[in-house]
Number of protein chains: 2
Amino acid sequence: MTGPIREPLNFAGNCDRSPSIRDVARAAGVSYQTVSRVINEHPNVSDTTRAAVLATIAQLGFRPNRAARALAGGPAQAVTVLGSNTTLYGFAAALEGIEEATREVGFGMGFRAVEARSPADIPDVVERAIEPAGTLIVIAFDKPGALALECVPLEVPTVAMIQAPTEGAEPTRPSVWIDEFAAAKEATEYLLALGHPTVHHLPIPSWPRTTRRMEGWRAALAEAGVRMHEPLQGGWTSTWGYEAGAVLARDPNVTAVLCGNDDIALGAIAAMRDAGKRVPADVSIVGFDDIPYAQFFAPPLTTVRQDFKALGRAAFAKLLEISNSPRTLPPAAAPQARLIMRHSVAPAPQVAPSASEASGSEARSPPPGR
Amino acid sequence: MTGPIREPLNFAGNCDRSPSIRDVARAAGVSYQTVSRVINEHPNVSDTTRAAVLATIAQLGFRPNRAARALAGGPAQAVTVLGSNTTLYGFAAALEGIEEATREVGFGMGFRAVEARSPADIPDVVERAIEPAGTLIVIAFDKPGALALECVPLEVPTVAMIQAPTEGAEPTRPSVWIDEFAAAKEATEYLLALGHPTVHHLPIPSWPRTTRRMEGWRAALAEAGVRMHEPLQGGWTSTWGYEAGAVLARDPNVTAVLCGNDDIALGAIAAMRDAGKRVPADVSIVGFDDIPYAQFFAPPLTTVRQDFKALGRAAFAKLLEISNSPRTLPPAAAPQARLIMRHSVAPAPQVAPSASEASGSEARSPPPGR
DNA sequence: TAGGGTGTTGTGACCGGTCCCATCCGAGAA
DNA sequence: TTCTCGGATGGGACCGGTCACAACACCCTA
């Protein structure tokens, strides 16, 4: 009935497979359970034994097998990031921050795309992305990401990276964000102080409601008692920025534009140029994000820098927290947004700004060298 | 001696764990081995049994547990991508292509960064990235990636994405690349045909030796019998492009520059502008890669488009091949490089190009609408 | 009718960890 | 001295798949 019993190959030194805890145990003269306790930093192991086991682990080059751990129901040790994109700067930088943080604590990082082109497939993709003992970070800046987030069952340890929520609208799941309200307000006030009668806004898509950067813009205009145009629906790309910018370029009253991101700003600048308007002499443009290219735009872009990498790190830190993992990440400051002044902003044309304002702005925005 | 035997909870319908092959087997009235054969598309299963099992799988929503498969020594079902970067366009686009391909065949995709800042850590990072039953794609466009590639033991199924190898220098491991020799040559010839006495080159780093795009440039100049300057060491970023461009801007003989990538081109354009030179009236600039921003540069950038996404897909297809996985990807055409003509190129200044050349170039490069 | 191949199915062991439980031992309290 | 208790350690079962092997048809040939 029973076939020939194969001799297990687990005697140390004579095996091409990587060593297991049983190999370590044998070499250290303890049981495999003790080895397990040592690698999981269980308190009830004597110092002598622990030291001996650790030495053997180092000597044999033992590394715990992730698959076996996951199978046996150990603590989570991998994250899958769900997002609609890897080429947009914010997404890529967030990914980089997450990766770095996971590497520090020995987690694996996976990525799965939820495609904007096929929203109907998203629930299925999300379901496949969820694995037993797995965790998730969902980049929910945009609609596909938010859709994906909704598909994730509550029992899956998940952190969402989201647009900053509006006042009183608490996110339903553990989330991280950068609140750019203050920076958007500051940027708008900066433009108003330079004599621009109003500031137009080319937003990123407002989803599900409005963005904090738009609220900051609104607040600045409201405080200044300045009329406000109703912003368009919004977009993400330079192409959209070009089209929207072309519309604004036809309006001679437009002298200052706050763009929802740097991609839009780049498109808007191109549209202005093609319409024969000079930036910043005729129209001032401010971007959002500070992508690495921004300082080489023509003109170098004044923009609000956002630390997406730090945001990614924060997301993973929160994930460790909520999945009560034994590992932790050193606490870090909340990622900030702040205005970077370059050369795409100038005093309003025609209406000569007062000397104090002009010199003040000069003093306030010493263009940094590249 | 033996404690109380816990009744296994694996009876279908009464269990909060996701169903296992044993649950499926019980529900379908077959053995678990038969279920295993069905999900692995083993030929020796009768059609009747197969249909019954598949129906049960669908009904129970069974999905094979990846960790268990990996542990039991099944075929590979995940790739880890090793690369120095996620924010550079070429890297991010390649990642996107790999992800899409893995998703199609049910593979997982991980990412691990090998940081340029700390080359000494690379061997360690690579070692940790290798898992039993795991596979690797190494993005070895740059030095950290190439370093990482060298650390990978030969027995690990690995595909490298590399700079196209020079003639006769066969890569030692399975590799994919885009051969941009012809496109670089074409771009250079295009500039020469517009009357530029020579074409300068701002290369990406040549590592380990020279790049195919540089060889294409050299070949065009050699064929035209034109003098050639010795190119600089090379860099990746706009910052480097700005610095190198500033040097070229001082030389009045420089009227045409072929840049190793679009980032460099953007920096070079900025440097020319800051030096008071007009692009393309005084200096023509050609880039490489065609990043999404390129068409919105000032002026819109003439560049060589490379299909990194297709390259990523090809890398994964080759990985499936060499790891003799049961899954395959539909064959696709080799990713190409081709010249995209926009507005950063003009006939050489001063030396008036002949009418036929000028009109020819106009006819050849109808600037695409944005 | 016996013998041999082929196709189909089932059983046992195993991958490398983790959990639960049992055992052993020494110290302090009754 | 005996009992209790907690720290240190070990053994067995198990996670959900895969592999190797055995068993049982069934058909074809000799």
Side-chain angles (χ1 to χ4, degrees), chain A residues 1-10 12 15-26 28-53 57 60 62-77 131-133 326, chain B residues 1-10 15-26 28-50 52-53 57 60 62-77 131-133 326:
Chain A
M1 189 63 102
T2 61
I5 305 287
R6 273 173 301 162
E7 173 74 15
L9 292 172
N10 273 356
C15 177
D16 56 352
R17 273 200 312 282
S18 56
S20 74
I21 52 168
R22 285 168 169 90
D23 298 316
V24 174
R26 199 167 304 122
V30 297
S31 77
Y32 59 82
Q33 178 60 276
T34 301
V35 177
S36 174
R37 287 194 185 96
V38 169
I39 60 181
N40 289 300
E41 299 176 29
H42 190 93
N44 289 354
V45 181
S46 73
D47 291 344
T48 334
T49 312
R50 184 192 316 280
V53 171
I57 285 175
L60 265 52
F62 165 81
R63 280 192 308 134
N65 181 312
R66 198 168 278 171
R69 273 188 156 168
L71 184 57
Q77 37 180 349
E131 297 192 21
Chain B
M1 190 64 104
T2 61
I5 304 288
R6 271 173 301 163
E7 174 74 13
L9 293 172
N10 276 355
C15 178
D16 56 352
R17 273 201 314 281
S18 56
S20 74
I21 52 168
R22 286 170 168 89
D23 298 316
V24 174
R26 201 168 304 124
V30 297
S31 76
Y32 56 82
Q33 178 61 275
T34 302
V35 178
S36 173
R37 286 193 186 97
V38 169
I39 60 181
N40 289 300
E41 298 174 31
H42 192 94
N44 290 353
V45 181
S46 73
D47 291 345
T48 333
T49 312
R50 183 192 316 280
V53 170
I57 285 175
L60 265 53
F62 164 83
R63 280 191 308 132
N65 180 314
R66 196 167 281 170
R69 272 189 157 168
L71 185 57
Q77 37 179 351
E131 298 193 21

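Chain letters run A, B, ... following the sequence lines, proteins first, then strands; residues in each count from 1. In this text the structure is predicted, and so the values were computed from the model without any measurement.
When distances are taken from the side chain of B/S36 to each of D/dG17, D/dT18, C/dG16, the shortest belongs to D/dT18.
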Pair up each side-chain donor or acceptor in residues 42-49 of chain B with any protein partner under 3.5 Å, not counting sequence neighbours, and list the distances.
residue : atom : partner : partner atom : Å
B/S46   : OG   : B/T49   : N            : 3.3
B/S46   : OG   : B/T49   : OG1          : 2.7

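Contact annotation: B/T49 side-chain N/O to C/dT9 OP1/OP2 distance is under 4.0 Å. Applying the 4.0 Å criterion to OP1 and OP2 of C/dT18, one finds that A/N40 has a side-chain N or O inside that range. OP1 and OP2 of C/dC15 both lie 4.0 Å or more from every side-chain N or O belonging to A/S20. Between B/S31 and C/dT9 there is no side-chain N or O to OP1 or OP2 distance below 4.0 Å. Under 4.0 angstrom from either OP1 or OP2 of C/dT9 there lies at least one side-chain N or O belonging to B/S46.
Minimum interatomic distance between A/A133 and A/A70 (heavy atoms only, all atoms of both residues): CB-O, 4.2 Å. In this structure, B/V30 and B/V35 approach most closely via the heavy-atom pair CG2-CG2, 4.0 Å.
Applying a 4.0 Å cut-off to non-hydrogen atoms, none of the residues of residues 62-69 of chain A approaches DNA chain D.
A/N44 has its CG atom 17 Å from the P atom of C/dC21, to the nearest Å. For B/Y32 and C/dT9, the OH to C1' distance is 12 Å, given to the nearest whole Å. Between B/R37 atom CZ and C/dT8 atom P there is a gap of 10 Å when expressed in whole angstrom units. Rounding to whole angstrom units, CG of residue B/L71 and P of D/dG17 are separated by 12 Å. Atoms NE2 (A/H42) and P (C/dC20) sit 11 Å apart, rounded to a whole Å. Summarising the geometry, the separation between CD1 on B/I21 and C1' on C/dT9 is reported as 14 Å, rounded to the nearest angstrom.
With sequence neighbours excluded, the residues that form a side-chain contact (heavy atoms from CB on, under 4.5 Å) with A/A68 are A/N65, B/L71. Under the side-chain contact (heavy atoms from CB on, under 4.5 Å) criterion, A/Y32 pairs with A/I21, A/R22, A/A25, sequence neighbours left out. With sequence neighbours excluded, the residues satisfying side chain to side chain donor-acceptor pair (under 3.5 Å) with B/R66 are A/E131.
Five base pairs at each end of the helix from C/dT1-D/dA30 to C/dA30-D/dT1 define two local axes, and these are offset by 60° (rounded to 10°).
Here the CZ atom belonging to B/R69 is positioned 5.0 Å from the CG atom belonging to B/N40, to the nearest 0.5 angstrom.
For B/Q33 and D/dT18, a side-chain-to-base donor-acceptor distance below 3.5 Å is absent, hydrogens and geometry of angles not being considered.
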